[in-house]
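The residues of the chain are indexed from 1 along the displayed sequence. One-based numbering, in listed order, for ligands and for the atoms of each.
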Amino acid sequence: MTSKVERLRVELGDRAYEILVGPRLIEGAGREILPLLRRRQVVIVSDETVARLCLAKLHESLSEAAIAHHTVLLPPGEETKDLDHFGRLAEEILAFGIERGTMLVALGGGVVGDVTGFAAATLLRGIDFVQIPTTLLAQVDSSVGGKTGINTRMGKNLIGAFYQPRLVLADTDTLTSLPRRELLAGYAEIVKYGLIRDAEFFAWCERQGNALCALEPDPLRHAVMTSCRMKSAIVADDEREEADRALLNFGHTFGHALETETGFSNRLLHGEAVALGMMLAFDFAARLGLVAAPEAERVRRHFEDSGLPTRLDAVGLAGTPADRLIAHMSKDKKVRDGRIALILPRRVGDAFVMKDAPIDALRDFLGEAE
Ligand SMILES: NC(=O)c1ccc[n+]([C@@H]2O[C@H](COP(=O)([O-])OP(=O)(O)OC[C@H]3O[C@@H](n4cnc5c(N)ncnc54)[C@H](O)[C@@H]3O)[C@@H](O)[C@H]2O)c1
């Protein structure tokens, strides 16, 4: 890999922070974190899989910078985002004798990032934290924007806080060990930015997507940077999701229904559900005459070329009763006053919020979706 690291500043007033993207960032983590510390003590939170791959390097880097560090390891997987695990994590962190100046460091995918961010937002009424995302999804999506949270039996991410990190270190070297399916799930979120905001970036994905997924350094860094830039610009304008930030949920309401149907299990990864959700959004918009059919076909072609799912039967969900999917969609957090709001495309690179989707047409469409 080349040694080029790019920096991006997220403009959020006195909570502004930097995102660094490139190789060997874990090796330099101590040096980057040191100037942000009010106390030379950090608590690293990671999962067992990521710890095996990256923790030694992080320990070494913190030790070189003379930063005292403790570590808490969580089991890998979405189950770790529940209240029980969170309770234990909070007690373990407190047992290290942390103070307001202690920094948490989230080393892992979106699960570790969300849980650690929520711990940072709540322990001692708020302490600083740094994100070191190690999945593509976490590098291009979950580590940026300040949403933190945990799941409850009533649904995903229902307890949480908007809480910004002090720094994000997206070390692209970590992605070499990521299973291909996880990599593609992250790629779906990258493509999403092109589809909602930037037709040129989607065209770039059509040309460079395969090189990116083969982890070629330049396309990879460009895609992670572009995604972080777009997400952080949207978040800077609308931190608490009152307007434009909702566009980031493109594909998510359909996707959420599919994830609910598969019990948020490994059968369907979040990014795969989002890919299917985006395809459904294009097909539904084409059915309503809001987008030209060739645009939907163009998206399908790119997903197929990349290895992303485009059809419900590919994940065993064809034939799911439409009413059941609509019921799941109605429980999505984005639903207001019992109406289903959908993010729909006008064309590649331009999406909008339809506040009150026509339910009968939606039912017919989902009933026929294959
Ligand atoms: N906060 C937000 O804005 C936001 C946005 C999108 C998603 N999310 C959340 O993110 C979570 C999903 O994140 P995710 O897809 O990163 O899942 P994840 O954190 O569960 O990671 C996926 C798997 O990959 C493993 N892994 C992580 N890094 C690895 C590496 N470098 N090499 C090999 N294996 C590695 C993990 O141990 C895990 O088993 C969900 O809980 C979702 O709700 C949050």
A.B. asks: Under 3.5 Å between any N/O of Val111 and any N/O of ligand 1: does that happen in this structure?
C.D. replies: yes

A.B. asks: Determine, considering heavy atoms only, which of Asn151, Leu137, Asp47 sits nearest to atom 38 (C) of ligand 1.
C.D. replies: Asp47

A.B. asks: For ligand 1, indicate whether the residue Asp114 contacts it via side chain, backbone, both or neither (heavy-atom separation under 4.0 Å).
C.D. replies: side chain

A.B. asks: Taking 4.0 angstrom as the limit and counting only heavy atoms of Pro76, give me the atoms of ligand 1 inside it, by number and element.
C.D. replies: 37 (O), 39 (O)

A.B. asks: Does this structure show an ion pair linking Arg181 with Glu272, if we count only N-O contacts that are shorter than 4.0 Å?
C.D. replies: yes

A.B. asks: Is any NZ, NE, NH1 or NH2 atom of the basic residue among Arg24 and Glu27 found under 4.0 Å from an Asp or Glu carboxylate oxygen of the other?
C.D. replies: yes

A.B. asks: Identify the residue among Arg324, His328, Lys156 that makes a side-chain contact (heavy atoms from CB on, under 4.5 Å) with Thr260.
C.D. replies: His328

A.B. asks: Near Ser177, which atoms of ligand 1 are under 4.0 Å from a heavy atom of that residue?
C.D. replies: 30 (C), 31 (N), 32 (N), 33 (C)

A.B. asks: For Lys156, take its heavy atoms, then give the atoms of ligand 1 lying under 4.0 Å from any of them.
C.D. replies: 40 (C), 41 (O), 42 (C), 43 (O)

A.B. asks: Identify, by atom number and element, the atoms of ligand 1 in contact range of Glu78, meaning under 4.0 Å from any of its heavy atoms.
C.D. replies: 40 (C), 41 (O)

A.B. asks: Closer than 4.0 Å to some heavy atom of Asp141 - which atoms of ligand 1 meet that?
C.D. replies: 5 (C), 6 (C)

A.B. asks: Are His70 and Gln41 linked by a side-chain donor-acceptor pair shorter than 3.5 Å?
C.D. replies: yes

A.B. asks: Examine the proximity of ligand 1 to Asn157 and report which part, side chain or backbone, both or neither, has a heavy atom under 4.0 Å away.
C.D. replies: side chain

A.B. asks: With a 4.0 Å cut-off on heavy atoms, is Lys231 in contact with ligand 1?
C.D. replies: yes

A.B. asks: Starting from atom 28 (N) of ligand 1, which protein heavy atom do you reach first, and at what distance in Å?
C.D. replies: Thr134 OG1, 2.8 Å

A.B. asks: Between the side chains of Arg298 and Glu206, is the shortest nitrogen-to-carboxylate-oxygen separation below 4.0 Å, so that they form an ion pair?
C.D. replies: yes

A.B. asks: Considering Ser46, Gly110, Ser142, which one's heavy-atom position lies nearest to atom 5 (C) of ligand 1?
C.D. replies: Ser142

A.B. asks: Between Leu178 and ligand 1, which residue portion shows a heavy-atom distance shorter than 4.0 Å: side chain, backbone, both, or neither?
C.D. replies: both

A.B. asks: When you check the gap from the basic side-chain N to the acidic O, do Glu368 and Arg287 get nearer than 4.0 Å?
C.D. replies: yes

A.B. asks: As a check for students: among Glu182, Lys81, Glu48, identify the option with a heavy atom nearest to atom 23 (C) of ligand 1.
C.D. replies: Glu182

A.B. asks: Does the pair Glu32/Arg7 count as a salt bridge with the N-to-O cut at 4.0 Å?
C.D. replies: yes

A.B. asks: Please check whether His270 reaches ligand 1 - meaning an N/O of the residue sits under 3.5 Å from an N/O of the ligand, judged on distance alone.
C.D. replies: no

A.B. asks: Ligand 1 versus Val144, non-hydrogen atoms closer than 4.0 Å: side chain, backbone, both, neither?
C.D. replies: neither

A.B. asks: Looking at Asp283 and Arg300, is there a salt bridge between them, counting it only when a charged N and a carboxylate O are closer than 4.0 Å?
C.D. replies: yes

A.B. asks: Are Asn157 and Lys81 close enough that a side-chain donor and a side-chain acceptor fall under 3.5 Å?
C.D. replies: yes

A.B. asks: Between His85 and Asp82, is there a side-chain donor-acceptor contact under 3.5 Å, judged purely by atom types and distance?
C.D. replies: yes

A.B. asks: Who's the nearest protein heavy-atom neighbour of atom 21 (O) of ligand 1, and how far?
C.D. replies: Thr135 CG2, 3.7 Å

A.B. asks: Would you check if there is a donor-acceptor pair between the side chains of Thr135 and Glu182 at a distance under 3.5 Å?
C.D. replies: no

A.B. asks: To the nearest 0.1 Å, how far is atom 26 (N) of ligand 1 from its closest protein heavy atom, and which atom is that?
C.D. replies: Val50 CG2, 3.9 Å

